[in-house]
Asker: 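Before anything else, here's the structure in question.
Here is how names work: the chains are called A, B, and so on, in the same order as the sequence lines, proteins then strands, and each is numbered from 1.
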There are 2 protein chains.
Amino acid sequence: MSIATEQPLAIGKCHCGALRRAARRMSQFYDGKLAPVGLRSTQFSMLALLQQLEEVSVNELARHIGLDRTTAGKNLRPLERDGLIAIGPSATDGRSRVIALTPEGAARLLAAAPLWREAQRQFEASNGPGTVATLRETLAKLSIGA
Amino acid sequence: MSIATEQPLAIGKCHCGALRRAARRMSQFYDGKLAPVGLRSTQFSMLALLQQLEEVSVNELARHIGLDRTTAGKNLRPLERDGLIAIGPSATDGRSRVIALTPEGAARLLAAAPLWREAQRQFEASNGPGTVATLRETLAKLSIGA
DNA sequence: TTAAAGTAAGAGCATATTCTCTTATATCGA
DNA sequence: TCGATATAAGAGAATATGCTCTTACTTTAA
């Protein structure tokens, strides 16, 4: 009668696990490519975003990058410590703090750009345009915890 | 003449960033579902794997789950502290340590199973079988840093 | 204008992730 | 058997991630 046996937990079918696994491998690949300039993929993302947005608050940055607000704040710390970004008060809102790329940050980003492009190129070459396009489209349209 | 301007860094096109972002959202969704039983998605994965493999070394577990060896070792710590797994010496190899589910761990896993199934079900319902199948197939065949 | 509601962000806590260096044990060839 | 090589795993350091709680300011409604 034991219902307790249940169906075996097909953990290999876990969509979360599959996505996390892929993200880990991808991070290792990109981190390896960026290592010569001393940036992690997360840091590169933030610097690149700052280049585009010029000046943003922590909350805005977090939203753009799909990151928790507090995580974004913490991730900025090493970049500020290393002088790649500057964090100052907002002129219009006393609660907000404004993040901007420093010249050193812009230079670092410039140095990192070809390494990132090479990672992109290599990933695309390894998987073909079709697979890459499918990946991006599928990820983009995912509805998670609607 | 300034080549220095370069092409703008289309950070939105970063495959690594896209995958990480999706993985973060997915983790938050699954973690939320599992929260009532006090497990994170990573912990659930490891317990479920231990249920299937019965007894494994840290290295084996890491390989199975696609995780760095040292990460796996550290992730096991909270589970051992909470009595969900037992770590003992290997009978055949003095270097190796053997990980196994405790009765408490098995019970916790049993409690978590329906929550995980609900997360899977909801994700599948939100995205449709086609998209989910495409996602899994695409992730499975990805060649990263060949 | 003042009290209430809303928003920006830091602090503290805990887990997750990977790197390098180190130690202990196995194994294999000379 | 012993020395070289290989393997299992912990220690330490650093970043990444997200929670709750708290503080500081803003905005809004009475």
Asker: Looking at D/dT15, I'd like to know if its phosphate oxygens (OP1 or OP2) sit under 4.0 Å from a side-chain N or O belonging to A/N75.
Answerer: no

Asker: With rounding to the nearest 0.5 angstrom, report the CG to CE distance, B/L19 to B/M26.
Answerer: 11.0 Å

Asker: When you compare the side chain of B/L101 with that of B/L84, does any pair of heavy atoms fall below 4.5 Å?
Answerer: no

Asker: Please report the C-alpha distance between B/S27 and B/R40 in whole Å, then the side-chain angles of each, then the deciding distance to 0.1 Å, and finally whether the side chain to side chain donor-acceptor pair (under 3.5 Å) criterion is met.
Answerer: CA-CA 8 Å; B/S27 298; B/R40 314 289 226 66; over 6 Å; no

Asker: Using a 4.0 Å cut-off to any heavy atom of chain B, which nucleotides of DNA chain C are the first and last in contact, reading 5' to 3'?
Answerer: C/dT15 to C/dA26

Asker: Charged N to carboxylate O below 4.0 Å: is that the case for B/R121 and B/E118?
Answerer: yes

Asker: Compute the angle between the rotation axes at the two ends of the helix from C/dT1-D/dA30 to C/dA30-D/dT1, each taken over five pairs, rounded to 10 degrees.
Answerer: 10°

Asker: Going by the rule side chain to side chain donor-acceptor pair (under 3.5 Å), which residues pair with B/S45 if we only count those two or more places apart in sequence or in a different chain?
Answerer: none

Asker: With the threshold set at under 4.0 Å for non-hydrogen atoms, list the residues of residues 15-36 of chain A touching DNA chain D in residue-number order.
Answerer: none

Asker: Assess whether side chain to side chain donor-acceptor pair (under 3.5 Å) is satisfied between A/R95 and A/S90, documenting all intermediate values.
Answerer: CA-CA 8 Å; A/R95 299 165 298 181; A/S90 164; over 6 Å; no

Asker: Identify every side-chain donor-acceptor pair in residues 32-39 of chain B under 3.5 Å, counting partners at least two apart or on other chains, and give the distances.
Answerer:
{"unit_1": "B/K33", "atom_1": "NZ", "unit_2": "B/Q122", "atom_2": "OE1", "d": "2.7"}

Asker: So which heavy atom on A/G83 is nearest to which on A/E104, and how close?
Answerer: O-OE1, 3.1 Å

Asker: Tell me every residue that passes side chain to side chain contact (heavy atoms under 4.5 Å, CB included) with B/E137, counting only those two or more places apart in sequence or in another chain.
Answerer: B/A133

Asker: Side chains of residues 65-77 of chain A: which donor-acceptor pairs under 3.5 Å do they make with residues two or more places apart or in other chains?
Answerer:
{"unit_1": "A/D68", "atom_1": "OD2", "unit_2": "A/T70", "atom_2": "N", "d": "2.8"}
{"unit_1": "A/D68", "atom_1": "OD2", "unit_2": "A/T70", "atom_2": "OG1", "d": "2.5"}

Asker: For the pair made of NZ in A/K74 and C1' in D/dG18, what is the distance, rounded to whole Å?
Answerer: 8 Å

Asker: CG of A/N59 to OG of A/S96: how many Å apart, nearest 0.5 Å?
Answerer: 7.5 Å

Asker: With a 4.0 Å heavy-atom cut-off, tell me which residues in residues 79-102 of chain A come close to DNA chain C, sorted by residue number.
Answerer: A/R95, A/S96, A/R97

Asker: By side chain to side chain contact (heavy atoms under 4.5 Å, CB included), which residues pair with B/R97, not counting sequence neighbours?
Answerer: B/I87

Asker: 5'-most contact on DNA chain C: B/M46 or A/R77, nearest heavy atom basis?
Answerer: A/R77

Asker: Going by the rule side chain to side chain contact (heavy atoms under 4.5 Å, CB included), which residues pair with A/Q120 if we only count those two or more places apart in sequence or in a different chain?
Answerer: A/Y30, A/W116, A/E124, B/K13, B/C14, B/H15

Asker: May I ask you to say what B/T42 touches in the nucleic acid, namely base, sugar-phosphate or nothing, with a heavy-atom cut-off under 4.0 Å?
Answerer: sugar-phosphate

Asker: How long is the line joining CG of A/L39 and C1' of D/dA16, in whole Å?
Answerer: 15 Å

Asker: Does any pair with a residue in residues 51-108 of chain A pass ring-ring contact (aromatic ring centres under 6.0 Å, His included), and if so which ones, sequence neighbours excluded?
Answerer: none

Asker: Taking the side chain as C-beta and beyond, is there a heavy-atom pair between A/L47 and A/I85 under 4.5 Å?
Answerer: yes

Asker: Does any residue of residues 50-69 of chain A have a heavy atom under 4.0 Å from DNA chain C, and if so, which ones, in number order?
Answerer: A/S57, A/V58, A/N59, A/R69

Asker: On DNA chain C, nearest-nucleotide positions of A/T70 versus A/R40: which is more 5'?
Answerer: A/T70

Asker: Kindly indicate whether the side chain of B/R25, heavy atoms from C-beta on, has any atom under 4.5 Å from the side chain of B/Q28.
Answerer: no

